[in-house]
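Notes for the one structure printed next.
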Amino acid sequence: MSQRSMSIIKKRDKTIDLCDLILINPSSLDVTIFEDAGKLNGILHELKSGRKIKSIIGTKKKSNPKLKEYYWILDDDQSYIEIKDSRKKVTKAHVFIRDIKQVLGNESLKSGRLNKIISKKQESLLEHSFCIVFGSQDEKIDALFDNSNDFNCVVSLLNYLIREQHMAFDRDPTKLLILKYWLRADNNNDGSLDFKEVSKLCQKLNIDMNSKTMKQRYKQFDTDGSGYIDYLEFVEFYKSLMRRPEIESTIFTKYSKRNQLVLEDKFKEFLEKEQLEILDIEQVRELMKKHGAVQTDEGLGFTSFDFTRYLFSTCNSILYSDFKKLNQDMNLPITNYYVASSHNTYLTGHQLKGESSVDKYREVLLTGCRCVELDCWDGKDAPVIYHGHTFTSKISFRSVVEIINEYAFRASPYPVILSLEVHCSEPQQEMMAQIMIEVFGDKLLRPLDNLIQYPSPNELRGKIIVKGKRLLNACGSSLSIVSSIATSASLTNLAIMNTSNTSNTISSNTNSSTEGSDDDDSDDDEEEETSTPSSLSITTNNKKHDKKKQKVAKGLSDICAMCGISFKGSFTDRFDGMHSWSEKKLEKLLKKDPDAVVNYNKLHMSRIYPKGTRFSSSNYNPMTGWRGGCQFVALNYQTWDEHLRLNEVMFEANGKCGYILKPEFFRLDSTIPNPLLHANRPVLRISMDIICGEQFPKPGLSDVGEIVDPFVKIQVLGIPIDEFEDRTDSITDNGFNPLFNRRFDFTISCPELAIIRVAVFDKNKASNDLFICENYLPVTQLKEGYRSIPMLNQYAKPIEGCVLFSEVRITRYERNSQNLSNNNNEEDIATVQQKQEETLSTSVSTSTTEATTE
């Protein structure tokens, strides 16, 4: 970077913008190094090749760490720092940037922690030192430098890397985004860009600009006529590309004074009228300060650029942010919640020939999943887990139990359910029970006798619940319920069990019958052979089939707090009983009598699993189970697809704790009619204008290939009546700032289960359209007004600077059917619904045609 550019930086900004994780006194840092993009680029390239740094690796494995020179090597994707010995042969540690919790200054190092390591001759190194705290075990690595320059260079790089990792959550990532593009373009690290480098960057950014126009732009921002663009000139060049005339000529013009600035009072008016947000003037000022407003004689004001950047920022996101925090009532019986559930958790891939892995339980539990599956079989000396009668590998039952015990409550404090599919002999079943008792200890929940309903998630915090087969009680009958749940009886109308007759005494006779069978838990869809019952109602009929039953060991039965019950045409009436149905079986039940399924799930529990023919571990649509009120909708977590992504969206809410409160109409005592069962009128009418987009990458985040022709597809996922799909026209050769201006109108009858998928594709005439980015928007969390939609890649990770800009307007109707019948908007609703059906029919027809062609 030129001296002229550096002097401008010094004049413009005397402060250092440190990220929150770097706890170093700013007075000890050199502002010129932090603002010097050329120097930062130099240290970035140097660290990728490897830089020697005096370090102390304080991992728990090292009881006697020493000060040595190590090579710090940054990977090409800037995701982690690999620390090797001085010969670059042995890796000592990996520090993932996203795992850094704090970077502590030398004040903490002088406190005495390193007194036994640092000699008196080396004490001067402490003046220029820091400590990185990272990982789940709070591991520490200290870095010490001989001089201030080296210290500042490395700290400035860490500051950049940490902020780059958290860019999606920054209120204004523009400055850092521009810096990143500068670093990407300045390949030779000479502090300037020539015409060829700028042209190449524009191609990567999906900017279609002919050579003549590009040369005019380049010359315009080469203000000193040097033939090169330095960093500050590049900033102005890039900002010119980010201008949005469609916003400046409409929203900005409406609220600005003489088309120059949006002042405090007008911005407050904008928030109230357009965004439906009520803020006092001090809150308005604070918001404007955070987003670059300038001070004038008339107060704070937004320039057109800063106003537009606010509109596109995550602070103006289309979704409320509080729904991702723990905010739901966790004191209702556990039957009132959807529970994040995994199917065949141990598998890493294919159902018939894939590998089994203990680590899959750790990975799944850390996502917040609260129900995992264990398929248990006899091993040589101890029980093992694998997919029986297949070529999948086997893992130790004990090792699985131990890793569950270690990670069960890392991501969530709420109960974990172990869904057992047991094929073991009685001796090895007893071994299973002993292992779980030994490893889980007090965490293990024992059967809940003399109750009529399950405790709440709060009451079961820190508990591990085993679901499996139980031996019959002494009286040979299940708990009885006098009032039919189908009549929406309240808990107080349920007959409390007679404790003298239902003591759940366990028989020690090895020939005793069991409450459940493997039919309802296995993946072979054996229960599909059972005919659909003519009347689906709760019954106390305990007539046993002649089919041979698997024997259950008493020890294992004694620790199963959830009882797996075979479904033979009638629902169980045990409060602790659980039916397991394949997706195919559930679809049949819902088609035959959805009311019975929903009402059963109001007081009891059910688990849904993929049909047995999904050999590749594909997933079904979890909405099928959710709309039936089923609590445990188990998916193949090893396969990332659109259905697992939908499941992730559902359980992102409520602090990712793995428990989501079911809609009120799926719970007892609800007076709200189920929109799936009744011809309810819509409760929402949504108009969504997709105005424009910004900085769409090439498919697969590639830097090469043609400039994209993007279009936006809108889908409403939910109950059948709410489903909707439509798309914009494609925009030729413009992924950087495409203008769509397309409005979508649709109605929603069940907002609690409705999720809008907004996806961007690259139109491809020669083959299938290519996915670019997407986001999923829960309807209940939508904000009205002009809103940004941050876009994510196929793995649900934020894409830097990639955003859609939209306007959302919502009309709400009362849910009560009597009030709905008096609504004056019947014709409007009918028109929207008819169009909704037509667009969905057209999209289905198009999809079918494309599939046939393919």
Side-chain angles (χ1 to χ4, degrees), residues 12-13 15 17 20 168-175 177 239 242-325 327 684-694 737 739 741 743 777-790 801 803-812:
R12 287 186 175 182
D13 191 356
T15 62
D17 189 11
D20 294 337
F169 305 100
D170 251 25
R171 62 176 180 265
D172 181 17
T174 306
K175 182 178 179 182
L177 187 64
K239 283 185 175 182
M242 297 179 74
R243 286 190 58 209
R244 305 301 312 217
E246 65 273 17
I247 294 175
E248 294 176 8
S249 62
T250 53
I251 311 172
F252 180 78
T253 298
K254 181 177 179 180
Y255 290 96
S256 64
K257 184 175 182 179
R258 295 188 296 274
N259 294 336
Q260 292 181 344
L261 293 173
V262 175
L263 298 173
E264 297 171 6
D265 58 337
K266 283 296 184 178
F267 186 58
K268 186 174 187 294
E269 181 183 340
F270 164 77
L271 293 175
E272 293 174 356
K273 289 186 176 180
E274 308 290 353
Q275 311 296 78
L276 306 184
E277 297 178 8
I278 307 301
L279 279 69
D280 61 40
I281 192 62
E282 289 302 321
Q283 292 173 316
V284 170
R285 288 170 182 159
E286 188 64 28
L287 185 60
M288 295 181 73
K289 288 177 183 177
K290 288 181 179 179
H291 292 275
V294 296
Q295 185 67 49
T296 72
D297 293 338
E298 299 177 83
L300 292 172
F302 271 136
T303 64
S304 60
F305 180 83
D306 290 328
F307 181 72
T308 303
R309 288 306 97 204
Y310 166 76
L311 292 179
F312 279 73
S313 72
T314 54
C315 286
N316 189 46
S317 172
I318 194 171
L319 296 179
Y320 292 101
S321 58
D322 288 347
F323 83 99
K324 292 189 177 183
K325 300 176 182 177
N327 59 3
L684 298 178
R685 174 179 175 174
I686 298 177
S687 293
M688 176 178 283
D689 284 325
I690 300 298
I691 299 173
C692 58
E694 194 165 88
N737 55 3
L739 181 63
N741 275 337
R743 175 175 170 175
L777 313 174
V779 166
T780 56
Q781 304 303 325
L782 287 179
K783 292 181 182 178
E784 291 193 66
Y786 293 98
R787 300 294 178 181
S788 69
I789 307 176
V803 64
L804 275 172
F805 185 62
S806 66
E807 182 184 4
V808 177
R809 301 299 169 193
I810 302 175
T811 305
R812 292 172 170 83

Checklist entry - Are Thr303 and Leu261 side-chain neighbours, meaning at least one heavy-atom pair lies under 4.5 Å? => result yes

Checklist outcome for this item: Residues at least two apart in sequence or cross-chain that pass salt bridge (Lys or Arg N to Asp or Glu O under 4.0 Å) with Lys273, listed by chain then number, are Glu269

Next on the checklist: Looking at Thr296 and Gly299, would you say the former's side chain and the latter's main chain have a donor-acceptor pair under 3.5 Å?
Outcome noted: yes

Side chains of residues 246-253: which donor-acceptor partners sit under 3.5 Å, not counting sequence neighbours?
{"unit_1": "Glu246", "atom_1": "OE2", "unit_2": "Arg244", "atom_2": "NE", "d": "2.7"}
{"unit_1": "Glu246", "atom_1": "OE2", "unit_2": "Arg244", "atom_2": "NH2", "d": "2.6"}
{"unit_1": "Glu248", "atom_1": "OE1", "unit_2": "Arg243", "atom_2": "NH2", "d": "2.6"}
{"unit_1": "Glu248", "atom_1": "OE2", "unit_2": "Arg243", "atom_2": "NE", "d": "3.2"}
{"unit_1": "Ser249", "atom_1": "OG", "unit_2": "Pro245", "atom_2": "O", "d": "2.8"}
{"unit_1": "Thr250", "atom_1": "OG1", "unit_2": "Glu246", "atom_2": "O", "d": "2.6"}
{"unit_1": "Thr250", "atom_1": "OG1", "unit_2": "Ile247", "atom_2": "O", "d": "3.4"}
{"unit_1": "Thr253", "atom_1": "OG1", "unit_2": "Glu248", "atom_2": "O", "d": "2.6"}

Next on the checklist: Determine whether a donor-acceptor pair (N or O, by modelled atom type, separation under 3.5 Å) exists between the side chain of Asn316 and the backbone of Tyr786.
Outcome noted: yes

Next on the checklist: Could you go through Glu298 and Lys266, starting from their C-alpha distance and side-chain angles, then the distance that decides it, and tell me whether this counts as salt bridge (charged side-chain N to carboxylate O under 4.0 Å, His left out)?
Outcome noted: CA-CA 12 Å; Glu298 299 177 83; Lys266 283 296 184 178; over 6 Å; no

Next on the checklist: For Ile691, is there any backbone N or O sitting under 3.5 Å from a side-chain donor or acceptor partner on Asp689?
Outcome noted: no

Checklist entry - Would you say the side chain of Pro778 lies within less than 4.5 Å of the side chain of Tyr320, judging by non-hydrogen atoms? => result no

Checklist entry - Should Arg787 and Glu277 count as an ion pair when the cut-off is N to O under 4.0 Å? => result yes

Checklist entry - Between Ser687 and Arg743, does any side-chain donor sit less than 3.5 Å from a side-chain acceptor? => result yes

Checklist entry - For Glu807, which residues count as a salt bridge (Lys or Arg N to Asp or Glu O under 4.0 Å) partner, sequence neighbours excluded? => result Arg809

Item to check | Lys268 with Asp265: basic N within carboxylate O range, under 4.0 Å | outcome: no

Item to check | Contact check, side chains of Ser256 and Ser304, non-hydrogen atoms, under 4.5 Å | outcome: no

Checklist entry - Which residue, Tyr255, Phe270, Phe267, forms the ring pair (Phe, Tyr, Trp, His ring centres under 6.0 Å) with Phe302? => result Phe267

Checklist entry - Is a side-chain N or O of Ser788 found less than 3.5 angstrom from the main chain of Pro790, in a donor-acceptor match? => result no

